[in-house]
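What follows is a set of notes on a single structure, which appears directly below.
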Amino acid sequence: MKQEFNVLDMTLMPDNGTAIALEDKLLIMDSLDSPVVDDLHGFIDLFPMKLAKSCLLVVVSGCVQLSVNFSDIVATDNTCLLFPEGTIVEKAVFDAHARVILLSFGHLNTSSMAQYDLHRLSAIQARTLHLQEEHVNMLQEVYRLLRTIMTDDAFAYNRMDTAAHCVNLMASILGQGLDEQSQLDAKPSRQDEIVSRFLECVHENYREHRELGFYAEKLRLSLKYMSHVIHGQTGRHPSQWIKDYVILDAKTMLRSGRYSVQQVADELHFPNQSFFGKYFKEAVGVSPKKWK
């Protein structure tokens with residue numbers, strides 16, 4: 001039976017007492033009250049990863065360095081990072097004294113949605129939002145309430161709905177706390193929309209389709225124009241984006257220990273193990289067996 005493998009998943013997080021999950025809808029972690037190296041130990045060991053859910057990372061203080069979708073990001077005090085489902089995170093380096101909040105979330109249904117929900121803010125591509133300190137303080141207060149709701153038996157009867165309201169309140173605070181409202185309201189250019197659609201299409205189809213013509217047809221663009229826009233906006237050829245998605249997924253499955261090389265080749269729809277091995281070695285420099 002075919003099994004999807006994503007590293008940052010509710011069932012795959014390390015059981016170190018700091019990751020709190022609400023079914024398969026919401027997972028939270030933080031280092032607000034103790035050193036980040038203690039609270040996030042085990043989580044850091046999971047890199048590289050592909051996010052199974054959308055993710056929110058608030059850097060309250062300190063410094064966090066990440067490699068996200070093959071680009072480097074440095075986040076410091078009062079910074080919020082929003083990552084949609086499917087985001088590739090190759091590494092994360094946390095300052096030993098960094099204070100952070102992490103939420104991994106699916107769609108939480110509630111009767112009263114906030115004006116700015118997290119899915120609207122995160123959209124398709126990863127985003128960096130610079131916040132005012134007062135709004136970061138508000139986020140911390142609501143997050144602590146959320147943590148209580150997820151752990152206190154007094155909320156067992158309506159835990160999901162109450163937690164959803166907290167998450168939506170955090171989203172509303174994010175929307176109000178932007179230093180520049182234009183970060184939220186600015187309309188993307190035609191080229192930005194093409195990049196977003198391309199990356200979304202790659203995320204949905206890279207296991208079955210690696211040929212550029214497939215993506216050009218899906219986007220209803222000529223192959224030449226699509227390649228020109230993607231390379232111009234991202235600095236990477238579309239074929240490299242596709243290959244990186246495939247290789248990172250292969251590395252993730254190999255590293256998990258759940259898959260043989262043959263099974264990885266099957267999951268990624270290669271015609272045989274030999275073809276996959278050549279593809280992998282050309283990109284990584286060593287065979288899948290040696291890398292594993």
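The shown structure was predicted, so the numbers you read here are calculated from the model rather than taken from an experiment. Just the heavy atoms: all of them, side chains too, but no hydrogens, waters or symmetry mates, feed the values below.
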Please name the pair of heavy atoms, one in Gly213 and one in Leu223, separated by the smallest distance, quoted to 0.1 Å. N-CD1, 4.5 Å
Tell me the ring pair (Phe, Tyr, Trp, His ring centres under 6.0 Å) pairs involving residues 234-258, sequence neighbours left out? Phe70-Trp241, Tyr206-Tyr245
Do Leu103 and Met170 touch side chain to side chain, with heavy atoms closer than 4.5 Å? yes
Considering only heavy atoms from C-beta outward, does the side chain of His203 approach that of Glu200 to under 4.5 Å? no
Flag the pair Ile242 / Leu212 as yes when at least one side-chain heavy-atom distance between them is below 4.5 Å, and no otherwise. yes
When you group the ILVMFWY residues by side-chain heavy-atom contacts below 4.5 Å and let the links chain together, are Val167 and Met150 in the same group? yes
Flag the pair Tyr279 / Val246 as yes when at least one side-chain heavy-atom distance between them is below 4.5 Å, and no otherwise. yes
What are the two closest non-hydrogen atoms of Leu32 and Arg99, and how far apart are they? O-NE, 3.5 Å
Would you mind reporting whether Pro238 and Tyr215 have side-chain heavy atoms less than 4.5 Å apart? no
Rounded to the nearest 0.5 Å, what separates atom CD in Gln140 from atom NE2 in His135? 13.5 Å
How long is the straight-line distance from NE2 of His231 back to CD of Gln233, given to the nearest 0.5 Å? 11.5 Å
In this structure, would Tyr157 and Leu145 fall into the same cluster of hydrophobic residues linked by side-chain contacts under 4.5 Å? no
His209: which residues meet the ring-ring contact (aromatic ring centres under 6.0 Å, His included) condition with it, sequence neighbours left out? Phe214
In the single-linkage hydrophobic clustering (I, L, V, M, F, W, Y; side-chain heavy atoms under 4.5 Å), do Val142 and Leu146 co-cluster? yes
How many angstroms lie between NZ in Lys218 and CE in Met226, if you round to the nearest 0.5 Å? 13.5 Å
Per side-chain hydrogen bond (donor to acceptor under 3.5 Å, both in side chains), Asp266 is matched among Gln262, Gln263, His269 by Gln262
Leu254 and Phe280: side chain to side chain contact (heavy atoms under 4.5 Å, CB included), yes or no, with the steps? CA-CA 12 Å; Leu254 290 169; Phe280 187 94; 4.0 Å; yes
If you compare all heavy atoms of Cys80 against all heavy atoms of Leu174, which two are closest, and at what distance to 0.1 Å? SG-CD2, 3.7 Å
Can you check whether Arg144's main-chain N or O pairs, donor with acceptor, with Thr148's side chain at less than 3.5 Å? yes
Distance-only polar pair, side chains of Asn158 and Thr162, donor-acceptor under 3.5 Å: yes
Can you tell if the side chain of Val68 reaches within under 4.5 Å of the side chain of Leu81, non-hydrogen atoms only? no
Quick one: pull up CD1 in Ile194 and SG in Cys201 and give me the separation to the nearest 0.5 Å. 13.0 Å
According to a 4.5 Å side-chain heavy-atom criterion applied to Ile, Leu, Val, Met, Phe, Trp and Tyr, with indirect links allowed, do Val60 and Met138 form part of one hydrophobic cluster? yes
Donor-acceptor contact present, side-chain Ser227 to main-chain Lys224, <3.5 Å: no
Just wondering, do Ser54 and Leu82 contact through their side chains at under 4.5 Å, heavy atoms? no
State, yes or no, whether a side-chain contact exists between Val100 and Leu102 at a heavy-atom distance under 4.5 Å. no
Please determine whether residues Val229 and Leu199 belong to a single hydrophobic cluster, defined as Ile, Leu, Val, Met, Phe, Trp and Tyr linked transitively by side-chain heavy-atom distances below 4.5 Å. yes
Verdict with reasoning, Phe270 to Lys278, per side chain to side chain contact (heavy atoms under 4.5 Å, CB included): CA-CA 11 Å; Phe270 282 89; Lys278 291 178 181 178; over 6 Å; no
Let me confirm one number: the CD1-CG distance from Ile28 to Leu56, rounded to the nearest 0.5 Å. 11.5 Å
Distance-only, no hydrogens or angles: does the Asn272 side chain make a donor-acceptor pair with backbone N or O of Phe275 under 3.5 Å? yes
Could you tell me whether the side chain of Ser31 and the main chain of Ala98 form a donor-acceptor pair under 3.5 Å? yes
Name all residues meeting the ring-ring contact (aromatic ring centres under 6.0 Å, His included) criterion together with Tyr225; count only those two or more places apart in sequence or in a different chain, and write none if there are none. none
Distance col, row Ser287:OG vs Gln273:CD, nearest 0.5 angstrom, shows 10.0 Å
Assess whether atom CD of Glu204 is packed by more than 12 heavy atoms of other residues, nucleotides or ligands within 6.0 Å. yes
Where Ile247 and Val284 come nearest, the two heavy atoms and their spacing: CG2-CG2, 3.7 Å
Taking the side chain from Asn78 and the backbone from Val59, do they hold a donor-acceptor pair closer than 3.5 Å? no
Carboxylate-amine/guanidinium proximity below 4.0 Å for Lys243 and Glu282: yes
Might you work through the side chain to side chain contact (heavy atoms under 4.5 Å, CB included) test for Leu268 and Met253, ending with a clear yes or no? CA-CA 10 Å; Leu268 295 174; Met253 286 187 282; 3.8 Å; yes
Which heavy atom of Arg159 sits nearest to which heavy atom of Thr151, and what is that distance? NH1-N, 3.7 Å
If you look at every heavy atom in Thr79 and Ala75, which pair is closest and at what distance? CG2-CB, 3.9 Å
Pair Gln65, Asp72 - check side chain to side chain contact (heavy atoms under 4.5 Å, CB included), show working. CA-CA 7 Å; Gln65 302 176 55; Asp72 293 331; over 6 Å; no
